Amino acid sequence: MDAKTTSWVSYLWWIGWIISLVTSNNTTPKPSLVVFHLRQSFGLMVTWTALWLIRMFTLFSFSGMIYWLITALFIGLFVFWIIGLISAVQGEEKPIPVLGPLFQQWFQFIK
């Protein structure tokens with residue numbers, strides 16, 4: 001797969017991310033576009049999973065207000081996912097709003 005394809009496949013949840021990581025390991029050095037989107041999509045998936053866990057634990061413990069707040073955050077993450085996917089399809093290294101630059105810093109171990 002070329003760099004653009006590998007980049008957008010990384011946004012297809014965990015299985016797509018693993019496929020992108022494995023196929024990009026065959027090229028040395030790894031294209032910066034692929035590394036950039038591997039970090040962005042990994043950050044989105046980790047954030048999504050953390051929110052899901054929080055939502056499951058608070059579902060029966062707290063008021064409905066927290067449940068709806070977390071649901072709103074899910075909608076925001078979905079919008080960020082679409083922005084990241086469009087950026088990957090276009091072959092751009094454009095970070096997702098708010099969290100994108102943080103993901104690039106936090107996930108430096110993805111190379």
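Note that this is a predicted model, so its numbers are computed, not measured.
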Visitor: Of all residues at least two apart in sequence or in a different chain, which pass the side chain to side chain contact (heavy atoms under 4.5 Å, CB included) check with Ser24?
Guide: Thr6, Lys30, Val34, Leu38
Visitor: Drop me the distance from Ile18's CD1 to Leu21's CG, to the nearest 0.5 angstrom.
Guide: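 Going from the CD1 atom of Ile18 to the CG atom of Leu21 covers 8.0 Å.
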Visitor: Kindly check if the number of other-residue, nucleotide or ligand heavy atoms within 6.0 Å of CH2 (Trp52) is above 12?
Guide: no
Visitor: Quick one: does Arg55's side chain get under 4.5 Å of Thr71's, heavy atoms only?
Guide: yes
Visitor: Output the distance between atom CD (Glu92) and atom OG (Ser7), rounded to the nearest 0.5 Å.
Guide: 11.5 Å
Visitor: Treat each ILVMFWY residue as a node, draw an edge where side-chain heavy atoms are under 4.5 Å apart, and state whether Leu33 and Leu12 are in one component.
Guide: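 Leu33 does not cluster with Leu12.
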Visitor: Should the heavy atoms of other residues, nucleotides or ligands under 6.0 Å from CZ of Phe78 be counted, would the total exceed 12?
Guide: no
Visitor: First locate atom CZ of Phe36, then atom OG of Ser10, and finally report the distance between them rounded to the nearest 0.5 Å.
Guide: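 Going from CZ on Phe36 over to OG on Ser10, the span is 10.5 Å.
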Visitor: How close do Val89 and Lys4 get, counting heavy atoms only, and between which atoms?
Guide: O-CE, 2.9 Å
Visitor: Please name all residues satisfying ring-ring contact (aromatic ring centres under 6.0 Å, His included) with Trp17, sequence neighbours left out, ordered by chain then number.
Guide: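 With sequence neighbours excluded, Trp17 shows a ring-ring contact (aromatic ring centres under 6.0 Å, His included) to Phe42, given in chain and number order.
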Visitor: Check whether the ring centres of Tyr11 and Trp8 lie less than 6.0 Å apart, and answer yes or no.
Guide: no
Visitor: Over all heavy atoms of both residues, which pair between His37 and Ser87 is shortest? Give the atoms and the distance, please.
Guide: CE1-OG, 3.5 Å
Visitor: Given the rule that I, L, V, M, F, W and Y join up when any side-chain heavy atoms are under 4.5 Å apart, are Val22 and Trp14 in one cluster?
Guide: yes
Visitor: Considering non-hydrogen atoms only, spot the tightest contact between Gln105 and Gln108 and give its length.
Guide: O-CG, 3.2 Å
Visitor: Using 0.5 Å steps for rounding, measure from the CD atom of Gln40 to the CD1 atom of Ile110.
Guide: 10.0 Å
Visitor: For a quick test of reading the model, state the closest non-hydrogen atom pair linking Leu44 to Ile96 and the distance between them.
Guide: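 Looks like CD2-CD1, 3.5 Å.
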Visitor: How long is the gap from CH2 on Trp48 to CH2 on Trp81, to the nearest 0.5 Å?
Guide: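 Trp48 atom CH2 to Trp81 atom CH2 measures 9.5 Å (nearest 0.5 Å).
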Visitor: Hydrophobic clusters here meaning ILVMFWY residues chained together by side-chain heavy-atom distances under 4.5 Å, can you tell me if Met45 and Phe109 are in one?
Guide: yes
Visitor: So do the side chains of Ile82 and Leu85 get within less than 4.5 Å of each other, counting heavy atoms only?
Guide: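 Sidechains of Leu85 and Ile82: no contact.
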Visitor: Is Met56 reachable from Ile75 through a run of I, L, V, M, F, W or Y residues, each pair having side-chain heavy atoms under 4.5 Å apart?
Guide: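 In one cluster: no.
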Visitor: Please say yes or no: joined through hydrophobic side-chain contacts below 4.5 Å, possibly via intermediate residues, are Ile86 and Phe103 part of one cluster?
Guide: yes
